[in-house]
*Asks:* 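One structure coming up, written as structure tokens, with questions to follow.
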Amino acid sequence: MKDKIKVLVVDDSAVVRQSMTEILNSTDDIEVIGVARDPLVAADKLKTVKPDVITLDIEMPRMDGITFLRQVMSTNPLPVIICSSQAESNSQNAINALEAGAVDIIRKPKLGTKQFIEESKIIISDAVRSAAASRVSRKSGGTITPTAVMDKHRVAPKLTADVIIPGQANYKVIETTEKVVSVGASTGGTEALKLFLESLPANSPGIVIVQHMPEKFTRSFAERLNTLCAITVKEAENNDTVLRGHALIAPGNKHMLLKRSGARYYVEIKDGPLVSRHRPSVDVLFRSTARYAGKNAIGIIMTGMGDDGAAGMLEMKQAGAYNIAQDEASCVVYGMPNEAVKKGGVDNILPLTKIAQDMLREAMIKS
């Protein structure tokens with residue numbers, strides 16, 4: 001029997017602490033071993049308990065969460081998940097927390113419909129499993145130094161991309177010289193995407209991205225990247241055109257599909273159930289890319305737990321796309337790329353620092 005994942009919940013709201021405890025303790029493989037109302041109490045508890053994962057609020061009395069996060073990452077590194085509200089200020093603070101070393105962001109649990117509560121349980125529990133499968137090490141400033149591990153707490157996916165975009169045996173794509181790049185990432189993906197996009201020239205092929213992240217936070221993430229990159233980065237809106245020198249990031253809590261009208265690529269943003277336990281889902285984006293871009297596409301799958309994107313990447317390869325997977329050594333969690341490799345959908349496995357160069361080379365070859 002596997003040991004349970006031990007979690008310390010740090011939040012100034014008693015309701016949130018109770019809700020998180022109930023959600024996580026209702027799973028078979030996770031247990032809350034302690035709660036703290038602020039970082040000073042949490043620091044005291046860390047003297048006697050050894051959690052595998054910490055869930056951390058940002059705005060708390062006596063010490064804010066980011067200050068505490070930096071202390072943890074510089075002295076006793078642990079996987080930390082930011083548990084944040086959807087407030088606009090919190091969105092930017094959560095992005096700052098990722099840069100300081102947090103491995104993921106989740107929304108605070110709240111009351112809602114039965115379906116909403118069940119989805120929240122899936123998302124929160126999977127985030128904890130993914131964090132537990134990641135490894136962080138001490139580094140000045142709190143930046144994660146990733147090392148690879150296999151997924152220890154794999155959970156079978158629920159729905160496939162069929163519920164959003166039905167499968168199709170043969171994909172026929174009108175000839176065009178315009179290329180499009182589809183990217184999928186999860187845990188550790190925010191830093192991976194930052195490195196990848198920062199290394200691209202302003203005339204790069206159009207890029208569409210699914211990064212597993214809650215709604216509201218994707219906008220702040222895109223705005224942050226836009227200030228750092230030569231290309232334009234924005235949170236995707238329905239019917240946005242995919243243009244050279246632009247990257248569109250799927251909005252949190254919405255699926256994003258690549259579509260095509262004549263020579264114009266554009267995106268469709270739509271609701272729907274969780275696919276491969278996620279919304280947005282990489283599988284949905286990749287399947288639509290296979291259908292509407294075919295051999296004109298380049299697929300990239302980055303760090304993350306689980307198998308979202310693996311089936312879709314195989315469909316892309318079968319449609320003629322060229323696909324790249326991030327290698328094990330540079331992944332925070334070698335789950336999604338590993339599953340894509342095992343399915344046979346990957347043409348090249350590369351360190352994160354080599355992916356942009358290979359993508360650009362392939363785009364030039366195909367042009």
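As the structure is a computational prediction, the values presented were derived from the model and not from experiment.
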*Asks:* Taking CD in Gln71 as the centre, count heavy atoms belonging to other residues, nucleotides or ligands within less than 6.0 Å. Is the count above 12?
*Replies:* yes
*Asks:* How far does CD1 of Ile300 sit from CE of Met316, to the nearest 0.5 angstrom?
*Replies:* 9.0 Å
*Asks:* Any salt bridge between Glu99 and Lys194, counting N to O under 4.0 Å?
*Replies:*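 No, Glu99 and Lys194 are not salt-bridged.
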*Asks:* Backbone N or O of Asp126 within a donor-acceptor pair of the Ser130 side chain at under 3.5 Å?
*Replies:* no
*Asks:* Tell me the closest heavy-atom pair linking Ala310 and Ile301, and the distance in Å.
*Replies:* N-CD1, 4.3 Å
*Asks:* I'd like to know if Glu31 pairs up with Lys4 as an ion pair, taking the criterion as any Lys NZ or Arg NE/NH1/NH2 lying under 4.0 Å from an Asp or Glu carboxylate oxygen.
*Replies:* no
*Asks:* Which heavy atom of Thr289 sits nearest to which heavy atom of Ser182, and what is that distance?
*Replies:* OG1-OG, 2.7 Å
*Asks:* Can a donor-acceptor pair be found, under 3.5 Å and without considering hydrogens, that links the side chain of Arg279 to the backbone of Asn253?
*Replies:*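 Such a contact is found between Arg279 side chain and Asn253 backbone.
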*Asks:* Checking the side chain of Asn323 only, and the main-chain atoms of Met313 only, is there a donor and an acceptor separated by less than 3.5 Å?
*Replies:*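 Looks like yes, one N/O pair under 3.5 Å.
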*Asks:* Determine whether Tyr322 and Asp358 make a side-chain contact, defined as any pair of heavy atoms from C-beta on separated by less than 4.5 Å.
*Replies:*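 SC-SC contact between Tyr322 and Asp358 confirmed.
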*Asks:* Determine, step by step, whether Asp240 and His246 satisfy the side chain to side chain donor-acceptor pair (under 3.5 Å) criterion, reporting the C-alpha distance in whole Å, the side-chain angles of both residues, the deciding distance to 0.1 Å, and the verdict.
*Replies:* CA-CA 11 Å; Asp240 273 349; His246 289 68; over 6 Å; no
*Asks:* Is the shortest side-chain heavy-atom distance between Asp347 and Lys317 below 4.5 Å?
*Replies:*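 In contact.
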*Asks:* Can a side-chain donor-acceptor contact be found between Gln326 and Thr303 if the only test is distance below 3.5 angstrom?
*Replies:* no
*Asks:* Answer yes when Lys254 and Asp271 have at least one side-chain N-carboxylate O distance shorter than 4.0 Å, and no when they do not.
*Replies:*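 Yes, charged N to carboxylate O under 4.0 Å.
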*Asks:* Is the shortest distance from a Lys or Arg side-chain nitrogen in Asp307 or Lys342 to a carboxylate oxygen in the other one below 4.0 Å?
*Replies:*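 Not counted as a salt bridge, because no side-chain N and carboxylate O are separated by less than 4.0 Å.
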*Asks:* Would you check if Glu178 and Arg244 make a side-chain contact, meaning some heavy-atom pair closer than 4.5 Å?
*Replies:* yes
*Asks:* With no hydrogens and no angle check, is any side-chain donor or acceptor of Arg260 less than 3.5 Å from a backbone partner on Gly262?
*Replies:* yes
*Asks:* Taking Arg37 for its side chain and Ala14 for its backbone only, find out whether a donor-acceptor pair lies under 3.5 Å.
*Replies:*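 No; zero donor-acceptor contacts below 3.5 Å.
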*Asks:* Between Asn238 and Ile269 (side chain of the first, backbone of the second, donor and acceptor by atom type, cut-off under 3.5 Å), is there such a pair?
*Replies:*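 It does hold such a pair.
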*Asks:* Would you say that Asp104 contacts Pro79 through its side chain, given a criterion of any heavy-atom pair below 4.5 Å between the two side chains?
*Replies:* no
*Asks:* Please report the closest heavy-atom contact between Ala293 and Ala297, naming both atoms and the distance.
*Replies:* CB-CB, 3.8 Å
*Asks:* Does Val35 share a hydrophobic cluster with Val53, counting links as ILVMFWY side-chain heavy atoms below 4.5 Å and allowing steps through other members?
*Replies:* yes
*Asks:* For His255 and Pro273, indicate whether the former's side chain and the latter's backbone hold a donor-acceptor pair under 3.5 Å.
*Replies:*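 Indeed, once roles are kept as given, a pair shorter than 3.5 Å links the two residues.
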*Asks:* If you compare all heavy atoms of Gly304 against all heavy atoms of Pro337, which two are closest, and at what distance to 0.1 Å?
*Replies:*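 Smallest interatomic distance, heavy atoms only, reads O-CD, 4.2 Å.
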*Asks:* Given side chains that start at C-beta, do those of Ser91 and Lys216 come closer than 4.5 Å, heavy atoms only?
*Replies:* yes
*Asks:* How close do Met302 and Met336 get, heavy atom to heavy atom, and via which atoms?
*Replies:* O-CB, 4.0 Å
*Asks:* Taking the side chain as every heavy atom from C-beta outward, state whether Cys83 and Met20 have any atom pair closer than 4.5 Å.
*Replies:* yes
*Asks:* For the side chain of Ser125 and the backbone of Ile122, is there at least one donor-acceptor N/O pair under 3.5 Å apart?
*Replies:* no
*Asks:* Any donor and acceptor pair, going by atom type alone, linking the side chain of Ser276 with main-chain N or O of His278 inside 3.5 Å?
*Replies:* no
*Asks:* Does NZ belonging to Lys354 count more than 12 external heavy atoms closer than 6.0 Å?
*Replies:*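 No - once you tally the heavy atoms of other residues, nucleotides and ligands closer than 6.0 Å, there are 12 at most.
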*Asks:* Is there side-chain contact between Lys50 and Leu78, with at least one heavy-atom pair below 4.5 Å?
*Replies:* no
*Asks:* Answer yes or no: is there a donor N or O on one side and an acceptor on the other, between the side chain of Asp308 and the main chain of Val282, under 3.5 Å?
*Replies:*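 Looks like yes, one N/O pair under 3.5 Å.
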*Asks:* Looking at every heavy atom in both Pro109 and Val16, which two are closest together, and how far apart are they?
*Replies:* CD-CG1, 4.4 Å
*Asks:* Considering only NZ, NE, NH1 and NH2 on the basic side and carboxylate oxygens on the acidic side, decide whether Arg291 and Glu315 come within less than 4.0 Å.
*Replies:* no
*Asks:* To the nearest 0.5 angstrom, please state how far the CD1 atom of Ile165 sits from the CG atom of Asp283.
*Replies:*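 Here the rounded value is 11.5 Å.
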*Asks:* Run the salt-bridge test on Lys179 and Glu362 with the 4.0 Å N-O cut-off and return the result as yes or no.
*Replies:*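 Looking at Glu362 together with Lys179, the answer is no, because their closest N to O distance does not fall below 4.0 Å.
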*Asks:* Less than 4.5 Å apart, any side-chain heavy atom of Asp11 and any of Lys108?
*Replies:*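 SC-SC contact between Asp11 and Lys108 confirmed.
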*Asks:* Once rounded to the nearest 0.5 Å, what's the spacing between atom NE2 of His212 and atom CD1 of Ile105?
*Replies:* 14.0 Å
